[in-house]
Visitor: 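Let me give you the structure first, and then I'll get to my questions.
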Amino acid sequence: MSTYDAGGELWSQTIVSLVLLADKAGWTDNDLKRLWTAYDLAIELFSGRCRGSGRPFICHLVGTSALALRYGGSKDEVIAALLHAAYPQGDFGTAINGFNHKKSTEMELAVGHKVERLLNLYSTTDAGNWLLEMMQRQPKSISEEERSVIFIRLVNELEDAFDLTVYPPDRARIVRRAISTALRAANHFSLDDVAAGLQEIEHMNESTRFEAETSFVRRFESYTVIPRSAMRRPSVRLRSRLRRASARLRSRLRRIVFERR
């Protein structure tokens, strides 16, 4: 199955396109309502958030969800894919990222227990190492939830590869390594269509690679752009400074870890 949709376009990046695809796939009105609810929560949690490439984070979330839909994911998997980064990167109104009970309760009320469970498990797994561990286990020992998270992780890596050509070299190497691991996992778990998509975008990026010194290269990590009107509030300015300082520290630590590997 091609990475490209009819007409030569890449997978969906907007909720309108995603909803139309879900409707075409036979989703009921209640199913589509759940999808819209997940999207409404996503745009709250990722307001002003951008990928390191400069692409709005919500486009990545919708794109991951669209790929989950394309490759036969269940409705819960498609909706979880739309919110997959909620716990580690979503802004729930606190300065602390990660899972906690209050966030879990809000998420469960919005999208249901099954989706929240997938998001919880997703947030507690390290992508590359966790996939390698899953491939070492006996197939029968892998739970249904774990299989769903494997699937969501694979389509996330595929969607993330969309930005590969404009990442700095060290970030690009991490993404390429993630694609390689995801491709092995897709083949191991017989997700042939996902494997074909990973292979295709890998080849596409190899043929359109930019050099580090070009103006195309963007940032290493995701970042948040605070609206100017909101920046007039002292508490928002302070939170923004703390967030930037925290992001710089995380970036330095990740680079140190990467260099030691």
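Here, residue 1 is the first one in the sequence, and each next residue gets the next number. Note that the structure is a prediction, hence the values are computed from the model and not measured.
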Visitor: Please report the closest heavy-atom contact between E157 and I179, naming both atoms and the distance.
Guide: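 Minimum heavy-atom contact is O-CG1, 4.5 Å.
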
Visitor: Do the side chains of K24 and L20 get nearer than 4.5 Å, heavy atoms only?
Guide: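 Of all side-chain heavy-atom pairs linking K24 with L20, none is under 4.5 Å.
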
Visitor: Are the side chains of R153 and W130 in touch, meaning some heavy atoms are under 4.5 Å apart?
Guide: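 Yes - at least one pair of side-chain heavy atoms lies under 4.5 Å apart.
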
Visitor: Could you point out which residue of T28, I79, V78 forms a side-chain contact (heavy atoms from CB on, under 4.5 Å) with R34?
Guide: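 Output: one option passes, namely I79.
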
Visitor: How close do T124 and L121 get, counting heavy atoms only, and between which atoms?
Guide: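 So the minimum-distance heavy-atom pair works out to OG1-O, 2.9 Å.
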
Visitor: Does the side chain to side chain contact (heavy atoms under 4.5 Å, CB included) test come out yes or no for L191 and Y71, once each step is laid out?
Guide: CA-CA 9 Å; L191 296 168; Y71 293 125; over 6 Å; no

Visitor: Quick one: pull up CD in E200 and CG in L158 and give me the separation to the nearest 0.5 Å.
Guide: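 E200 CD to L158 CG: 9.0 Å, rounded to 0.5 Å.
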
Visitor: Should L82 and L109 be regarded as members of a common hydrophobic cluster, given that ILVMFWY residues are connected when their side-chain heavy atoms come within less than 4.5 Å of each other, either directly or indirectly?
Guide: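 The answer is no; the residues belong to distinct hydrophobic clusters.
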
Visitor: As an exercise, state the distance from CG of D193 to CG of L67, rounded to the nearest 0.5 Å.
Guide: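 If we round to the nearest 0.5 Å, D193:CG and L67:CG are 11.5 Å apart.
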
Visitor: For T37 and D40, test the side chains for any donor-to-acceptor distance below 3.5 angstrom and give the result as yes or no.
Guide: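 Checked: T37/D40 side chains show no N/O donor-acceptor pair below 3.5 Å.
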
Visitor: What is the distance from atom OG1 of T181 to atom CZ of R176, rounded to the nearest 0.5 Å?
Guide: 14.0 Å

Visitor: Would you indicate whether the side-chain heavy atoms of V194 and F189 approach each other to under 4.5 Å?
Guide: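 Answer no - side chains too far apart.
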
Visitor: If you define the side chain from C-beta out and look only at heavy atoms, does anything of M107 sit under 4.5 Å from L41?
Guide: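 Side chain of M107 against side chain of L41, heavy atoms only: contact under 4.5 Å found.
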
Visitor: Quick check: closest heavy atoms across S12 and L21, and the distance to 0.1 Å?
Guide: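 Scanning both residues, the minimum pair turns out to be OG-CD1, 3.0 Å.
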
Visitor: Strictly below 4.0 Å, N to O, side chains only: are R55 and E159 in salt-bridge contact?
Guide: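 Yes, this pair counts.
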
Visitor: Could you walk me through whether Y122 and L83 pass the side chain to side chain contact (heavy atoms under 4.5 Å, CB included) check?
Guide: CA-CA 10 Å; Y122 187 98; L83 287 162; over 6 Å; no

Visitor: Might you point out which heavy atoms bring F99 and S123 nearest each other, and give the distance in Å?
Guide: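 Result for this residue pair: CB-OG, 4.4 Å.
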
Visitor: So, taking the atom named CZ in R171 and the one named CG in D163, what distance separates them when rounded to the nearest 0.5 Å?
Guide: 8.5 Å

Visitor: After noting the C-alpha distance and the side-chain angles of D29 and K33, does the key distance pass the side chain to side chain contact (heavy atoms under 4.5 Å, CB included) rule?
Guide: CA-CA 6 Å; D29 288 345; K33 183 178 179 181; over 6 Å; no

Visitor: Do the side chain of H84 and the main chain of A81 share a donor and acceptor less than 3.5 angstrom apart?
Guide: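 The answer is yes, because a donor-acceptor pair under 3.5 Å joins these two groups.
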
Visitor: Could you tell me whether the side chain of T64 and the main chain of H60 form a donor-acceptor pair under 3.5 Å?
Guide: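 Yes, the answer is positive, given that a donor and an acceptor are paired below the 3.5 Å cut-off.
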
Visitor: Determine whether a donor-acceptor pair (N or O, by modelled atom type, separation under 3.5 Å) exists between the side chain of S17 and the backbone of T14.
Guide: no

Visitor: Looking only at non-hydrogen atoms, find the nearest pair between A182 and L154 and report the distance.
Guide: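 So the two residues come closest at O-CD2, 3.5 Å.
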
Visitor: Using a strict 4.0 Å threshold on nitrogen-to-oxygen distance, state whether R117 and D76 make a salt bridge.
Guide: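 Not counted as a salt bridge, because no side-chain N and carboxylate O are separated by less than 4.0 Å.
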
Visitor: Can you find a heavy atom in the side chain of E116 that is under 4.5 Å from one in the side chain of T105?
Guide: no

Visitor: Using every non-hydrogen atom in the two residues, find where L69 and A22 come nearest and quote the distance to one decimal.
Guide: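 Shortest heavy-atom separation between L69 and A22 comes out as CD2-N, 3.6 Å.
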
Visitor: I want to check something: taking the side chain as every heavy atom from C-beta on, are F57 and L45 in contact at a cut-off of under 4.5 Å?
Guide: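 Counting from C-beta outward, F57 and L45 never come under 4.5 Å.
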
Visitor: Using a 6.0 Å cut-off, check whether atom CZ of R147 has over 12 heavy atoms from anything other than its own residue.
Guide: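 Result for CZ/R147: enclosed.
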
Visitor: May I ask you to test the L18-Y39 pair for a side-chain heavy-atom distance under 4.5 Å?
Guide: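 Result no, sub-4.5 Å side-chain heavy-atom pair not found.
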
Visitor: Side chains of V19 and W27, heavy atoms from C-beta outward: is any pair under 4.5 Å?
Guide: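 Counting from C-beta outward, V19 and W27 never come under 4.5 Å.
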
Visitor: When rounded to the nearest 0.5 angstrom, what distance separates CD in E106 from OG in S104?
Guide: 10.0 Å

Visitor: How long is the span from the CZ atom in F162 to the OG atom in S53, to the nearest 0.5 Å?
Guide: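 Here the rounded value is 8.5 Å.
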
